[in-house]
Amino acid sequence: QVQVVDTGGDLVQPGGSLRLSCVVSGRIFRVNVMGWYRQVPDKERELVATITNGGKTTYQNSVKGRFTISSNAKNTVYLQMNSLKPEDTAVYYCNFKGETPYGFLDSWGQGTQVTVSS
């Protein structure tokens, strides 16, 4: 089974920075795309940023220029968040989409709380 573990959420003041980390483990043939999503109560989970196996990135418009998604040689993805705003407050979830011995898998981390408040 594939495990997705996301960490790094914290309480931070407006204008501050945080870096979220996501580690994926298990039998993986290929990582197609990994991403960060966020969700607030009573709203649908929304895309924040994604990165493909080839390194292409996408961002929600509201975070462009402030957030950066990246990955290393291991199955680890980061979300560097700068110039944080109160509206960035949400539970952030790491998402894995890829191929396993059992077929395509779309899997989520447990979520990590980011709170931006003065």
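Within the structure, disulfide bond (SG atoms under 2.5 Å apart) contacts touching residues 32-86 (residues at least two apart or in different chains) do not occur. Residue pairs satisfying the ring pair (Phe, Tyr, Trp, His ring centres under 6.0 Å) criterion with at least one member in residues 2-43, sequence neighbours excluded, are listed as follows: Tyr37-Trp108. For residues 5-14, the pairs satisfying side-chain hydrogen bond (donor to acceptor under 3.5 Å, both in side chains) are Asp6-Gln110, with sequence neighbours left out.
For the atom pair Ile69 CD1 and Gln80 CD, the distance stands at 12.0 Å (nearest 0.5 Å). Atom OG1 of Thr57 is separated from atom CZ of Phe67 by 14.0 Å, given to the nearest 0.5 angstrom. Once rounded to the nearest 0.5 Å, the distance linking CD of Gln3 with CD1 of Ile28 reads 10.5 Å. Taken from CD in Glu99 to CZ in Arg30, the straight-line distance is 8.5 Å, to the nearest 0.5 Å. One finds the CE atom of Met81 at 11.0 Å from the CZ atom of Arg19 (value rounded to the nearest 0.5 Å).
The side-chain contact (heavy atoms from CB on, under 4.5 Å) search around Asn72 returns Lys74, Thr76, Tyr78, not counting sequence neighbours. Residues meeting the side-chain contact (heavy atoms from CB on, under 4.5 Å) test with Ser117, sequence neighbours left out: Leu11, Thr115.
Heavy atoms only, all atoms of each residue included: Gly9 and Val114 are closest at CA-CG2, 4.0 Å. Between Leu79 and Ala49, the shortest heavy-atom contact is CD1-CB, 4.2 Å. The nearest pair of heavy atoms linking Ser118 to Pro14 is N-CD, 3.6 Å. Nearest approach of Val4 to Cys22, heavy atoms of both residues: CG1-SG, 3.5 Å.
In this structure the side chain of Val31 never reaches within 4.5 angstrom of the side chain of Val24, judged on heavy atoms. Taking 4.5 Å as the limit, some side-chain heavy atom of Val116 sits within range of a side-chain heavy atom of Val12. A heavy-atom distance below 4.5 Å is not found between the side chains of Ser71 and Met34.
Hydrophobic cluster membership differs between Val77 and Val23, with clusters built from Ile, Leu, Val, Met, Phe, Trp and Tyr side chains linked at under 4.5 angstrom.
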Please output the side-chain donor-acceptor pairs of residues 90-98 that fall under 3.5 Å, not counting sequence neighbours, one pair per line with the distance.
residue : atom : partner : partner atom : Å
Tyr92   : OH   : Arg38   : NH1          : 2.8
Tyr92   : OH   : Asp88   : O            : 2.6
Asn95   : OD1  : Lys97   : NZ           : 2.5
Asn95   : ND2  : Asp106  : OD1          : 2.7
Asn95   : ND2  : Ser107  : O            : 3.2

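Side-chain atoms of Gln60 come within 3.5 Å of backbone atoms of Leu47 as a donor-acceptor pair (strictly under, hydrogens ignored).
Residue Gln1 places its CD atom among 12 or fewer non-hydrogen atoms of other residues, nucleotides or ligands, all under 6.0 Å distant.
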